[in-house]
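Accompanying notes for the structure given below.
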Amino acid sequence: MKLLSEYRDPELVLRLLGKIEARITRSWRIMEVCGGQTHNLVKYGIPSLLPQAITLVHGPGCPVCVTPRRLIDQAVALAERGVVLCSYGDMLRVPGSRKSLREAKAGGADVRMLYSPLEAVRIARENPGREVVFFAVGFETTAPANGLAVAHAAREGLRNFSLLSAHVLVPPAMEALLTDPDCRIDGFLAAGHVCTVMGCEEYEALAARHRIPIVVTGFEPLDLLQGILELVILLEEGRAEAKNAYGRVVRREGNPEARALLTRIFARVDREWRGIGTIPGSGLDLRSEWKAFDARVKFALDPEKSEEAGECQAGKILKGILKPPQCPLFGTKCTPIAPKGAPMVSSEGACAAYFHFAGFASGAETKESVASAP
Ligand code: SF4
């Protein structure tokens with residue numbers, strides 16, 4: 001725990017807050033892209049510690065939250081057709097048009113919660129008479145492991161394993177937000193774990209193209225505050241640059257082995273993001289030479305779009321236009337026990353973060369007080 005406690009040191013937190021305060025001369029609107037960062041920011045009360053001039057808005061960086069209903073419907077349909085449908089735990093509770101995967105499981109479908117795609121390969125190996133599909137959800141962080149699972153299945157000659165790919169990529173989503181007239185963002189905190197795989201070069205190009213500063217940072221309170229400090233300095237000095245404030249983990253070139261694996265297995269495709277729409281080049285699907293492992297091809301899945309639920313404000317939450325307590329359903333009709341949308345389900349969802357850590361679960365704060373907080 002020593003390694004963690006060092007990055008939560010209260011004295012250093014106060015010192016960084018003082019430095020941020022000293023550099024601020026005007027208001028800035030900062031978006032953290034990653035849901036893991038959102039959770040820790042809210043969990044550690046950082047928005048309320050920062051100077052009033054800084055408004056933190058929360059971005060679309062939760063892969064479960066941005067997975068469209070259509071894909072959940074496809075996964076449910078596959079499970080109900082008799083395949084062994086495997087995925088990470090959060091995906092099981094996200095509502096589809098008709099039902100969630102958990103409800104499909106309750107109805108008798110073989111839906112399994114796994115911690116690694118390689119477990120799905122093992123299930124396929126041990127059950128040669130069953131089709132096994134891994135519902136592969138995630139950003140650049142999880143895609144290499146999912147690609148590796150496909151490579152393992154191919155090497156073993158497993159013909160009963162396939163991937164339902166819902167991978168999404170962060171930089172195209174940031175680009176989409178920057179060209180959306182409803183979004184107002186002065187600077188980005190970029191996700192350190194994504195950059196551990198992909199490096200920083202795409203962010204450098206994005207910063208230059210859109211004249212906006214981007215700081216790559218981590219997840220602990222000191223990482224987040226150091227990232228905010230670096231971003232405030234860039235903003236105050238008018239420097240539209242990408243900076244790596246997570247040097248203990250992230251290298252500019254990323255992880256070359258993981259990037260090579262991604263290039264070998266996946267191709268960039270246009271992808272629909274829940275509540276945001278289709279973003280060009282923002283997804284990863286299997287390359288044509290791996291199509292034998294593509295569940296969409298293998299099971300001829302219906303590409304029809306499904307209707308998004310009308311009441312859920314996930315789109316506005318994911319674009320940073322609304323904060324979770326500003327959704328009329330927040331904490332009343334929509335809770336982690338009975339979620340109406342993915343941001344309340346996922347462990348990285350902004351709505352769940354506010355519900356668990358901003359006092360709503362204990363009734364300590366009102367919706368209005370959090371909505372008006374910086
Ligand atoms: S509180 Fe619930 S209904 Fe409202 S945006 Fe969040 S997930 Fe959707």
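Start at 1 and go down the list; that is how both ligands and their atoms are numbered.
- Shown here for V250 and N244, the closest heavy-atom pair between the two residues is O-ND2, 2.9 Å.
- Using cut-offs of 30° and 60° for the angle between ring planes, the F293 and F161 rings count as tilted.
- Using a 4.0 Å cut-off between a side-chain N of Lys or Arg and a carboxylate O of Asp or Glu, E140 and R259 do not qualify as a salt bridge.
- The two residues C312 and K340 make their nearest non-hydrogen contact at CB-O, 4.1 Å.
- Listing protein N, O or S atoms at distances below 2.8 Å from atom 8 (Fe) of ligand 1, with waters left out, gives C312 SG.
- Of the charged side-chain nitrogens involved, none lies within less than 4.0 Å of a carboxylate oxygen, so that E230 and K19 do not count as a salt-bridged pair.
- For the pair R271 and W273, the cation does not sit on the ring face, since its NZ or CZ is not both under 6.0 Å from the ring centre and inside 45° of the axis.
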